[in-house]
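Computed from a predicted model, the values in this text were never measured in an experiment.
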Amino acid sequence: MTGTDRTGSGGSGGPGGAGEPGGRTIMLGVRHHGPGSARAVRAALDAVRPGIVLVEGPPEADALIPLAADEDMRPPVALLAHAVDEPGRSAFWPLAEFSPEWVAVRWALEHDVPARFIDLPATHTLAWREADDQAEDHLDGQADGQEGERGPGDRPGTASPDVRGDPLAALAAAAGHDDPERWWEDVIEHRSPGEGDALAPFTALEEAMTALRETEEGEGEREGEGGERGAVDARDLVREAHMRLQVRAARRESAQGVAVVCGAWHVPALRRPATVAADRALMKGLPRTKVEMTWVPWTHRRLSRAGGYGAGIESPGWYAHLFAATDRPVERWLTKVAGLLRDEGRIVSPAHVIEAARLAGTLAVLRGRPLPGLGETTDAVRAVMCDGSDVPLALVHDRLVVGDVLGEVPPGAPAVPLQRDLTRIQRRLRLKPEPAQRELELDLRKETDAGRSRLLHRLRLLGVGWGEPVASRSTGTFRETWRLRWEPELSVRVAEAGVWGTTVLSAATARAETDAVTARDLAGITTLAERCLLAELPDALAPVMRILADRAALDTDVGHLAQALPALVRSLRYGDVRGTDTSALAEVAAGLAERVFVGLPAACAALDADAAEEMRGHVDAVHTAVGLLGDALTPGRGDLGSRWRAVLRALSARDIVPGTLRGRAVRLLLDDDELAPEEAARLMGLVLSPGTPPADAAAWIEGFVGGGSGGGLLLLHDDRLLGLVDAWLTGVPADAFTDVLPLLRRTFSAFEPGVRRSLGELVGRGPEARGSVTRAGSGIPGFATGLDTERADAVLPVVRLLLGRDRAPDDNDLVGADT
């Protein structure tokens with residue numbers, strides 16, 4: 001069941017030999033996560049009634065076996081082992097309801113029979129994994145200039161793509177089948193329980209595995225082993241030696257016999273004669289690391305990937321259905337598919353189910369299969385229920401063939417203190433982990449939603465990516481939207497985060513303080529301050545702000561200061577919503593703004609095109625931040641808005657400032673009504689005069705109207721500006737036109753398609769025919785000579801409602817809006 005396991009294939013075994021001490025030993029070789037193997041294991045255990053059940057798995061988990069009988073335990077679950085000193089170094093051993101190992105453990109608990117795990121202890125497995133990682137890092141460092149590339153099966157500690165790597169494929173090929181999964185379904189999964197001797201399938205597969213191992217070992221001796229391959233095989237030998245020692249110990253204890261449930265590949269090795277001294281010699285000198293183990297929830301989706309067994313399964317949902325459906329599995333499966341498609345709005349009747357079942361049966365007969373398998377049912381669903389389309393079929397595969405089932409672990413399972421605190425908070429906030437992706441809309445004015453927001457932000461600080469913030473449908477700062485999805489690996493992230501504290505609050509606080517000390521740039525610290533505010537970490541915010549103030553005082557790069565300011569201003573807005581004291585934050589933000597005002601004019605001088613484009617982004621960000629900052633939040637600092645506008649005027653008038661920045665400064669002043677349209681037209685006319693080099697004029701236009709559809713709308717609504725651009729563009733000399741064309745293309749391609757089309761229509765009319773499409777009195781049909789303020793006021797209640805600024809209006813409020 002470890003990462004180096006080769007047992008992704010069928011089961012083997014047979015009755016134990018006569019004369020063994022303590023009764024006979026039966027070897028039940030299985031395919032991990034195989035429902036047919038699981039049914040066969042239960043039938044064999046019922047028939048033999050052993051005194052001890054031994055299962056492939058880490059022995060450190062023996063103390064956790066009784067929890068499998070807890071009423072709150074719901075598979076799929078996994079055994080999680082992690083190094084105490086390095087929780088990120090971990091391994092999983094997943095178990096589903098249809099896993100033979102799970103069935104064996106549950107059978108032992110139900111019949112009051114001792115059950116034990118007998119694989120190599122995780123203390124050695126994780127130590128080996130650390131050595132593998134170090135070796136791989138060394139190989140990666142030498143990869144340049146080396147021949148070829150290593151595939152996923154060629155890394156140290158993993159199987160090579162051969163008989164050992166996939167014995168199921170070898171058996172299927174020997175039987176004349178080109179599809180290992182289909183062959184396995186035919187010979188094992190479709191075999192009904194109770195057909196003849198309960199041990200017969202294990203005996204047959206043990207013989208097959210014995211022949212495969214003899215062939216593989218013979219080829220290895222003839223061809224020689226490579227270094228990596230030899231290490232892999234040696235580890236398998238060590239694991240099998242440990243299992244043999246455990247089997248011997250169990251034989252001495254039980255007079256009723258022993259049942260061993262393990263991967264089919266290992267059965268011949270466990271049968272092979274070997275002395276105790278030889279097995280113990282293989283166990284000497286193994287590396288060790290201190291580990292802890294617990295149960296964690298798992299998902300069907302994760303079962304479809306390679307896990308602790310070294311092999312995933314492609315259709316866990318289908319396997320779960322085969323295990324649970326005791327009769328008519330095809331008809332029951334097609335009924336599930338029909339229900340899913342009906343829920344998605346497709347018209348699927350009982351007649352579709354009947355016809356699909358008939359078609360699946362016919363396909364099985366034509367293909368020589370005993371029963372319809374997943375391939376036949378999928379083809380039938382595509383033809384009958386999906387009208388030949390693969391689009392709804394993809395939904396069936398995602399929801400049913402794979403599925404989003406998430407297991408549950410009882411509260412009494414061992415866990416790090418941080419995990420216990422997280423579980424307690426999740427229950428209090430009614431925020432249950434779910435495997436399916438979903439969006440969560442939060443209203444921060446509500447106590448429960450505010451608590452959920454704090455939890456998700458704190459977990460993000462700790463590197464536990466349960467939730468990801470996404471753009472909200474509301475523009476108000478009192479709403480947040482999260483995309484949630486719980487992955488089993490997050491249990492490891494929680495264990496790793498346990499080094500920071502025993503509660504989510506204390507761990508997030510300690511992590512934030514450490515991140516502030518190690519942050520490389522000013523923008524990183526301001527972003528951290530914003531996250532501390534969102535996570536409501538007052539004990540962390542104070543030291544973070546102190547470090548921020550110290551770094552800001554020493555940083556002389558205006559670009560860095562401009563990058564840092566927007567995050568601080570956003571934090572002020574969020575703090576206002578969350579009721580947090582942000583006076584220190586406002587003071588630092590105002591100080592940063594003043595330093596930007598002083599240094600920006602000099603920093604914008606004599607820049608090349610790339611640097612000017614980057615600085616334009618900084619100017620836009622500072623402009624937005626100053627508008628949000630407001631003078632009310634920075635008492636004693638003077639009028640920040642007017643001082644910023646003075647900086648913009650200085651930028652717009654300095655010839656040594658690139659045209660991109662001068663045009664942007666004029667545009668920002670115009671948008672804030674600090675510049676009359678006539679003055680903006682005059683400045684554009686000066687720039688577009690024949691005395692200005694065409695490249696500089698094109699850069700000015702890029703700064704003025706670039707950056708999205710806003711500039712296009714400006715030209716669309718002001719025919720004077722459009723006329724200036726049109727007249728300049730038609731007068732650019734031919735030799736200069738090719739130089740300015742790429743910049744102009746970039747500028748106008750950023751406009752919305754509708755804006756570009758409207759601009760083209762206006763230009764096509766010519767200067768005499770076109771007029772402003774919005775200016776009152778233009779003479780264009782549909783526009784009056786003045787504004788109707790009474791009709792405009794009628795929509796204000798609806799606007800307030802949409803922005804969340806007012807109560808929901810009653811019918812009387814909306815009477816005027818009907819017009």
Please tabulate, for side-chain N and O atoms in residues 64-80, each donor-acceptor pair with protein atoms closer than 3.5 Å (sequence neighbours left out).
unit_1, atom_1, unit_2, atom_2, d
D70, OD1, D72, N, 2.7
R74, NH1, E71, O, 2.2
R74, NH2, E71, O, 3.1

SB check E240 R272 (cutoff 4.0 Å):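 No salt bridge links E240 with R272.
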Under the ring pair (Phe, Tyr, Trp, His ring centres under 6.0 Å) rule, collect the residues that match up with [X], sequence neighbours excluded.
{"X": "W500", "result": "none"}
{"X": "W102", "result": "none"}
{"X": "H321", "result": "W333"}

Partners passing salt bridge (charged side-chain N to carboxylate O under 4.0 Å, His left out) against K432 (at least two apart in sequence or in another chain):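 So K432 forms a salt bridge (charged side-chain N to carboxylate O under 4.0 Å, His left out) with E408.
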Among all residues two or more places apart in sequence or in another chain, which pass the salt bridge (charged side-chain N to carboxylate O under 4.0 Å, His left out) test with R328?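 By the salt bridge (charged side-chain N to carboxylate O under 4.0 Å, His left out) rule, R328 matches E331.
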For [X], side-chain hydrogen bond (donor to acceptor under 3.5 Å, both in side chains) partners two or more places apart:
{"X": "E253", "answer": "R116"}
{"X": "Q419", "answer": "T423"}
{"X": "D404", "answer": "R301"}
{"X": "R424", "answer": "D421"}

Got a sec, which pairs hit side-chain hydrogen bond (donor to acceptor under 3.5 Å, both in side chains) with one end in residues 274-283, sequence neighbours left out?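 Non-adjacent pairs meeting side-chain hydrogen bond (donor to acceptor under 3.5 Å, both in side chains): R244-D279, R248-D279.
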Taking side-chain contact (heavy atoms from CB on, under 4.5 Å) as the test, write out the residues that go with A495, two or more places apart.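 Residues passing side-chain contact (heavy atoms from CB on, under 4.5 Å) with A495: H82, P87.
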